[in-house]
Amino acid sequence: MGTYTSFASVILQVLASFSWLHVTIILETKAVSPFYKELALQLMESSRQSSKAFRLESYSLDAATDQTFVSALRFAQKRSRVLLLVTTGKTAARILKLAARDGFTNGEYVFVNIQPSQQVDYGTIDDFRNDLNDTVSACPQLYRKLYASI
């Protein structure tokens, strides 16, 4: 696994390449691994040192509830159109499902989830695959867009 500085550098380069300078970080603070919290701190620090005019704001998820996730989405909606999900795969999938339910799939928003590796503690692609056959919610549409862009 790379250093937090190198992870942050790559993420900021990707954001800058798309001119995504206003970004909301949704941070899972109670994940098993300290990776997410440390990465978020480094992203904030690196963005301040960058020559680009990044404006990163952070929302900490202190509880893994739908109400907390919806609050995070509402917070982000008022600040940016790019949401950086610094969360486990399972949490990111839950947030994406709620985002689809609440109308965030109209093409105005970008969701980026950061995973250092595919392990149970962080998340695997299977965390996102389960909803592909869901015909009730708008989530399959979101996932199809996601997979089409990979």
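- S60 places no side-chain N or O within donor-acceptor distance of the main-chain N or O of D62, the cut-off being under 3.5 Å.
- Two residues are said to be in side-chain contact when any heavy atoms from C-beta on lie closer than 4.5 Å; L27 and L61 fail this criterion.
- One N or O on the side chain of R55 and one on the backbone of R79 form a donor-acceptor pair closer than 3.5 Å.
- Looking at heavy atoms from C-beta onward, Y36 lies out of side-chain contact with T87 at the 4.5 angstrom threshold.
- Under the 4.5 Å side-chain criterion, counting only non-hydrogen atoms from C-beta, L98 is in contact with R101.
- Between the side chains of S80 and T24, at least one donor-acceptor pair of N or O atoms lies under 3.5 Å.
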Problem set entry | Test side-chain contact (heavy atoms from CB on, under 4.5 Å) applied to T5 and Q42, step by step | CA-CA 6 Å; T5 303; Q42 187 60 55; 3.7 Å; yes

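- For the 3.5 Å distance criterion, the side chains of E45 and Q49 qualify, holding a donor opposite an acceptor.
- Going from atom CZ of F111 over to atom CZ of R81 covers 10.5 Å, rounded to the nearest 0.5 Å.
- Interatomic distance, CG of L56 versus CD1 of I25, reported as 4.5 Å (0.5 Å rounding).
- The side-chain heavy atoms of I11 and L84, taken from C-beta on, include a pair separated by under 4.5 Å.
- Judged by distance alone, with hydrogens and angles left aside, the side-chain atoms of T91 form no donor-acceptor pair with the main-chain N or O of T88 at under 3.5 Å.
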Exercise. Stepwise, does the side-chain contact (heavy atoms from CB on, under 4.5 Å) test hold for L15 with V82?
Worked result: CA-CA 9 Å; L15 295 173; V82 179; 4.2 Å; yes

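- Donor-acceptor pairing under 3.5 Å is lacking for the side chains of T68 and S71.
- Using a 3.5 Å distance cut-off with no hydrogens or angles, the side chains of S17 and Q13 do not pair a donor with an acceptor.
- Between S9 and S6, the side chains place no donor N or O within less than 3.5 Å of an acceptor N or O (distance only, hydrogens not considered).
- Test V110, V112, L73 against L83 for side-chain contact (heavy atoms from CB on, under 4.5 Å) and you get one pass: L73.
- Cluster annotation: I114 and V14 are assigned to the same hydrophobic cluster (Ile/Leu/Val/Met/Phe/Trp/Tyr, side-chain heavy-atom contacts under 4.5 Å, transitive).
- The shortest non-hydrogen separation linking L12 to F54 is O-CZ, 3.4 Å.
- With a 4.5 Å cut-off on side-chain heavy atoms, R94 and F69 count as touching.
- A heavy-atom distance below 4.5 Å is found between the side chains of E57 and F75.
- Contact check for L21 versus K52: side-chain heavy atoms found under the 4.5 Å cut-off.
- Under the 30°/60° scheme for interplanar angles, the aromatic rings of Y4 and F35 are found to be tilted.
- Below 30°, between 30° and 60°, or above 60°: for Y109 and F104 the angle between ring planes is between 30° and 60°, a tilted geometry.
- Looking at N113, its side chain never comes within 3.5 Å of a backbone N or O of A92 through a donor-acceptor pair.
- Of the inter-residue distances, the one linking L43 atom CG with R48 atom CZ reads 10.5 Å to the nearest 0.5 angstrom.
- Contact annotation: the side chain of R74 approaches that of D102 to within less than 4.5 Å [non-hydrogen atoms, C-beta and beyond].
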